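Numbered from 1 within each chain, the chains take letters A, B, ... in sequence-line order. The analysis underlying the following values was restricted to heavy atoms, covering all of them including side chains, and did not include hydrogens, waters or symmetry mates. Treat the numbers as computed from the prediction; the structure is a model and nothing was measured.
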Amino acid sequence: MAISRRNFLKCAALTAGGAVLAESPFVRAGAKAVIKKDIRYVPSFCEMCFWRCGLIAKVEGDRLVKLDGNPLHPQSRGRLCAKGQSGMGLLYDKDRLKTPLIRTGKRGDGKYRKASWNEAYSYIAEKLTAIRKKYGPESVALFAHGSGGAYMGNFMEAWGSPNHSHPSYAQCLGAREVAFTLTFGQGPASTAERYDMANSRVMALFGSHLGENMHNSHIQDFVDGLGNGTKLIVIDPRYSTAATKSSMWLPIKPGTDIALILAWINIVIKENWYDHDYIAKYAIGFKELKEAVKNYTPEWAAKKTDLPKHQIVEAIRELGRYKPNVLVHPGRHYSWYGDDTQRGRGLAILNALLGTWGRKGGIWLPPKVNLAKLKKKIKYPKPKRDSLAYGDYPFSSAGITTEVRQATISGKPYPIKAWFVIGTNLMKTMPAPEITKKAIDNLDLVVNIDLMPTDMVMMSDVILPAASYLERHDDLAVVTQKNAGIAIRQPVVKPWKDVKPAWLIANELCAKMGLGKYIEYKTLEEHMREKAKLWNIDYDKLSRVGYIPIPDSYHPYITEKNQPKFDTDSKKIELYSSALDDEDMDPVPRYTHHREPPAGSFRLIYGRSPVQTFSRSINNKWLWELKNDNAVWLNADIARQMGIKNGDKISLINEKGGKSNVGRVKVTERIRKDCVYLIHGFGSTSKRMTMAYGRGIDDTQMMTHYATDPICGTNGLRVNFVKLLKES
Amino acid sequence: MKHYAMVIDQSRCVGCMACIAACVQENQVPFENFRTRVLEITKGKFPELRTEFRPELCNHCDNAPCVMACPTGASYKREDGIVMIDRDKCVGCKACIAACPYDARYINEEYGFADKCTFCLHRLKKDLEPACVATCIGKSRIFGDLSDRDSEVSRLLAENESRVRLKAAGTKPRVFYIKRYPTKK
Amino acid sequence: MEFTITGANALTYPHLHIWDWRVAIYLFLGGLAGGCMSMAAVANLRPGKDVPKNQACCWRVPMMTPIILAVGMGFLFLDLQVKEHMYRFYMTLQPLSPMSWGSWILVLVFPAMIAFALSTVPESAMDNLKDGMIRNLIIKAQNSMRPLAKLNFLLGILLSIYTGILLSSFMARPLWNSSILPVLFLNSGMSTGAATMILMARRNSIKLFFTKVDIWLIFSEITVLVLLYYGQFTSPEASRESIMPFFTLTSQYFPYFISILTLSIVLPLAIILKFLELSGDHSENLELTFKQKFEMNASAVLVLLGGAIIRFALVYAGQLSKFTGLS
Ligand SMILES: Nc1nc2c(c(=O)[nH]1)N[C@H]1C(S)=C(S)[C@@H](COP(=O)(O)OP(=O)(O)OC[C@H]3O[C@@H](n4cnc5c(=O)[nH]c(N)nc54)[C@H](O)[C@@H]3O)O[C@H]1N2
Ligand SMILES: Nc1nc2c(c(=O)[nH]1)N[C@H]1C(S)=C(S)[C@@H](COP(=O)(O)OP(=O)(O)OC[C@H]3O[C@@H](n4cnc5c(=O)[nH]c(N)nc54)[C@H](O)[C@@H]3O)O[C@H]1N2
Ligand code: SF4
Ligand code: SF4
Ligand code: SF4
Ligand code: SF4
Ligand code: SF4
Ligand SMILES: [Mo]
């Protein structure tokens, strides 16, 4: 007999007498009407995630009251997703970092003292100087994600360390960019991703849980496509949101995507579905490809993937029928099984065969932007030692977080003694957090520039509170959708008292370390104005409207005049990659078998909630009320066998026996029997995150393993098995 | 006279909840109170499944039991069809909440009055679409005037089979649902 | 079927819980007040019998009635979320809102109740009253005792029915949305009224009279209660499901199961006790033995208890039920 808790409270309050009357709607509502302040609308762009949608902030007095999409900005088109709508939850989060903090207790036990900025800088300076003396400047590494990374990158350059690393590479889309670059000479990334979904006739998604993966205009395009009648094929072990919109759902056995892709390539060639002229004109290596895939029959793939043969065949024929106005969506999060570059190569080859690159409904060509570069007024010193962040991989194209972590532990090729971390919650972001802890134990200094007291922040020695995206400038953004344009980020409200934007922190650190000559500008805005001037853009107008398009930049499709350029060695699409061959790697993808969960275990797969961004937004009050827990998806038949009911309490056990938080189970028909699914980002261990602390299960904690991609060094994260434990 | 209505094209809803978040911010809905929600309903057995995303809000019923139940006249129906609540008249007796078969109402926990979706009347007055419609990522929510035959809502209802929630309740909702499933292969 | 919901209000999801014990008590006291009005009227109007003036039940009960109702309304007031807008009830009459006409009925009932109470003040009590307005009022009222009693009889019925209509008007809540519910509440209100008369009465004959009345009332209360469940059970799905909490043995529904169990003990027990009373020796002037008194009062308390349980069970269980039908 549930009695409303709230009614009880109200009733209790009533007995407290006058207090209630003083709070009466008359008084308060009346007061509100009187204080109505001046209202301003300030354009900027969002950074609740990395899509960077144009926004318009409604500001009342000095308080932000509403965020809306900027209709001019092509990433938002007047709309903001739930995360973007809830930006004030971050801005006004009572748990936000408010002053610099210096660690007083042991690492990880959460004891800090408040410090002034100068104290914090001095602390850092002292440690850095000692490290430089003993190990050299290269022994300092940077982990960065988001806008602030660039400025800290500048600091690192000034300081003399080449060791920058980014989770957006090794834990995210690195393998895709490498695979497509090997094939087309260029990745599909832009500010957006260059998929012409609104115009696709048929589209296949491998994983890519669009809808749950919520990147604003990307999903708008996706749904516009559905509205226009795109036939959707979804390959996912889980009946994802996207799968619910599909005409074909292929519940593939996790880890066998390459088998399906190879069989598809084989069918496309055998059954003549490929775009002959296109391949003849733009591609090389067709013969070798044909030869290499000839044994990957649908029957073989059916066995490997656990999919019906007719489905495999029918799906690719559907794509073939409508080529080239089709898309094999390349996906974004790539770090799956350690052979991810090869999976990416397979997807790239399929797109090439179907002729989608530069075609309507396929992958559009980047807009033409000719913007002059500002003359660098400064020249950074050249580090004495090479970066160790790229690891020993022939094609790694950005700093790998796990390589830096490994070097920190092994001291090889040279020691790493300090970490600067900005905008990434490494304890949740890198697999095997136990290893991360071990690495941190080896450090003399951990500096974190963040907004929230996250798990990683609470492992740091010095915490520098950053200004949020709503309180700061960031450099002018060149937005490259089909059209290109310039967008501005500017403060919509004054920053909290003692927080600073990353550019200022970087500059002040330079000054503190005696590197003043590397400071490029006094204020970022001055630099932005200079750039705008160079680009012939009216800065004041830009700050009023938020986005100014670059004329004549629209050239999405191949025409006689608009020919694609392929920046590969052969200047052609490389179906057969001689670059890979040169490194003794498979020039055409090959199927590799991945280990499978033993009886009683499940493969751990994971994904996104549309209302949360990784672990970064889970303390946001307005998103918390939409999602504050991540139930484990478990197949209904298995649940029945195990005697588990929907909503039961369970915990997960990883392969090293580590136990997760107690969480809930979602018993569902929507997932295969051999895996369980979790939304990433939950299970904060930081007590200072009062809304998020201890809620939900942390997928990262369950990842004791990761598979390293031999081509580019990215991490495969879906190679972990878990057991389910019933809790009471 | 305007005849406001909303059409929800469920085939375009991806359950992204942007509508809920926008509504909460636009209308300063108190923490853990909501004027709109999204249901996700799955039927079938693996791998033969169907999932429906269904955004719900006040239906602005033409035959509104909440208005009938209200003892003070705080709940009323406007000529343009919008069902509103006059906060200064509301005693917070909750009869309207009990009366609404759609559970569209709640008590504003800050002030005590009954509250619910207003079709964002304050925005309509400024010629803006409701906040949830304006931000709907799937363009699944469409708002407009049924008395205008050329409006998108009229067109959609003319061209598609539509449903209302709990038709049997006889409340005559003004929120219409178009449900199209992809044809399966 | 799998089901997830984002953005539900705790007040209405997973089920309604807008009203709690405050409203249950209000409905109980409202019904009791109605029952007392009618039963006290009956006591004062007993056809063919001399009016038993000076009898405690005949004038104290009418005196208590306005207080019972006021206390009941106090509980309703406690439930209002914007108490300082209370006056809004009386700025309008909403013909389609039972709560609105309820608020007016309550107001209209008070003068009638008070006038009736005044009209029943016995001579003995008058002796202590000084001359003045009140005395004059009482004398005036006493002259119209019979019409006032008749009026109170009717208004009592109306009041009791109203407490049921308040709930039964909600189409959205299948358990409440039954035309039997007002009859049940009327019945239960009357039986609690009669029980109050028994408790308050001093004279044997009156106790016995109301015991007989109460037997009929409880019989019909049980019948109506069974009919309510039967009616729900034979109605469409949502209505059928609405009574399931009473017949499902899980921890969640335990209170409802217990309420039915208690009712099925309490009410028959009350009847049995009453038959026991009737079977005793009750010549007019005989003093009641302790045992007899105990039996009579105990059965009356059981009836009151039953009435309260019915209100509580239905207020809470009704909020578990949902209109489903086409979705
Ligand atoms: N709301 C929200 N949106 C986001 C983000 C966010 O944090 N929040 N993050 C953004 C970022 S940076 C990224 S990288 C993207 C990531 O989003 P995506 O690129 O869409 O990520 P994927 O890993 O491709 O997709 C996860 C899906 O893969 C399925 N899956 C698991 N294993 C396999 C398998 O072996 N084979 C196949 N075919 N499918 C499998 C899972 O069931 C799940 O549905 O999301 C972006 N969008
Ligand atoms: N187990 C597991 N690991 C994963 C993934 C997964 O799905 N599962 N996904 C991978 C993918 S695709 C990606 S892209 C990465 C993402 O990895 P991260 O970028 O590390 O993601 P978050 O966990 O959101 O951490 C972001 C941090 O930035 C802080 N922050 C937010 N805004 C600002 C700001 O304006 N300034 C500063 N200075 N800090 C800010 C937040 O408080 C938070 O601490 O994770 C990867 N790792
Ligand atoms: S997709 Fe959403 S969170 Fe990401 S930038 Fe756009 S509005 Fe912000
Ligand atoms: S949906 Fe509910 S609150 Fe809205 S008009 Fe209809 S009955 Fe009233
Ligand atoms: S809570 Fe307010 S709006 Fe609802 S019925 Fe009562 S007075 Fe009317
Ligand atoms: S119309 Fe306005 S009030 Fe109604 S659900 Fe949408 S945003 Fe909320
Ligand atoms: S914003 Fe639109 S697409 Fe997203 S959940 Fe709401 S109705 Fe569906
Ligand atoms: Mo990512």
Atom NZ of B:Lys2: over 12 foreign heavy atoms under 6.0 Å: no
Region of A:Asp224 in contact with chain B, defined by heavy-atom distances below 4.5 Å: both
Straight-line distance of B:Gln25 CD to A:Leu80 CG, nearest 0.5 Å: 11.0 Å
Min side-chain heavy-atom separation A:Asp68-B:Thr135 under 4.5 Å: no
Short side-chain to backbone donor-acceptor contact, A:Glu669 and B:Phe46, under 3.5 Å: yes
Inter-residue atom distance B:Glu48.CD - A:Trp249.CH2, 0.5 Å rounding: 9.0 Å
Separation of A:Glu625 CD from B:Asn33 CG (nearest 0.5 Å): 8.0 Å
B:Glu159 atom CD: more than 12 heavy-atom contacts under 6.0 Å: yes
Note, A:Met214 side chain near B:Met17 side chain (heavy atom, < 4.5 Å): no
Check: A:Ile219 and B:Val14 side chains under 4.5 Å, non-hydrogen atoms: yes
Between NZ on residue B:Lys45 and CG on residue A:Asp637, distance to nearest 0.5 Å: 4.0 Å
Min side-chain heavy-atom separation A:Leu626-B:Phe34 under 4.5 Å: yes
Region of B:Glu52 in contact with chain A, defined by heavy-atom distances below 4.5 Å: neither
Chain A interface, residue from B:Ala22, B:Cys19, B:Ala131, B:Ser11 that has the most non-hydrogen pairs under 4.5 Å: B:Ala22
Proximal component of A:Leu232, with respect to chain B [non-hydrogen, under 4.5 Å]: neither
Pairs of heavy atoms under 4.5 Å with chain A: top-ranked of B:Ala21, B:Ser140, B:Gly15: B:Ala21
Whether A:Lys245 side chain and B:Cys13 backbone form a donor-acceptor pair below 3.5 Å: yes
B:Gln10 portion near chain A, given a 4.5 angstrom heavy-atom threshold: backbone
Mutual orientation of the aromatic rings belonging to B:Phe31 and A:Trp624 [parallel < 30°, tilted 30-60°, perpendicular > 60°]: tilted
Atom pair CD1/NE2 of B:Ile137 and A:His215 - distance to nearest 0.5 Å: 12.0 Å
Side-chain heavy-atom pair A:Arg670, B:Leu49 within 4.5 angstrom cut-off: yes
For the student: nearest non-hydrogen atoms of B:Pro47 and A:Pro251, plus distance: CB-CG, 4.1 Å
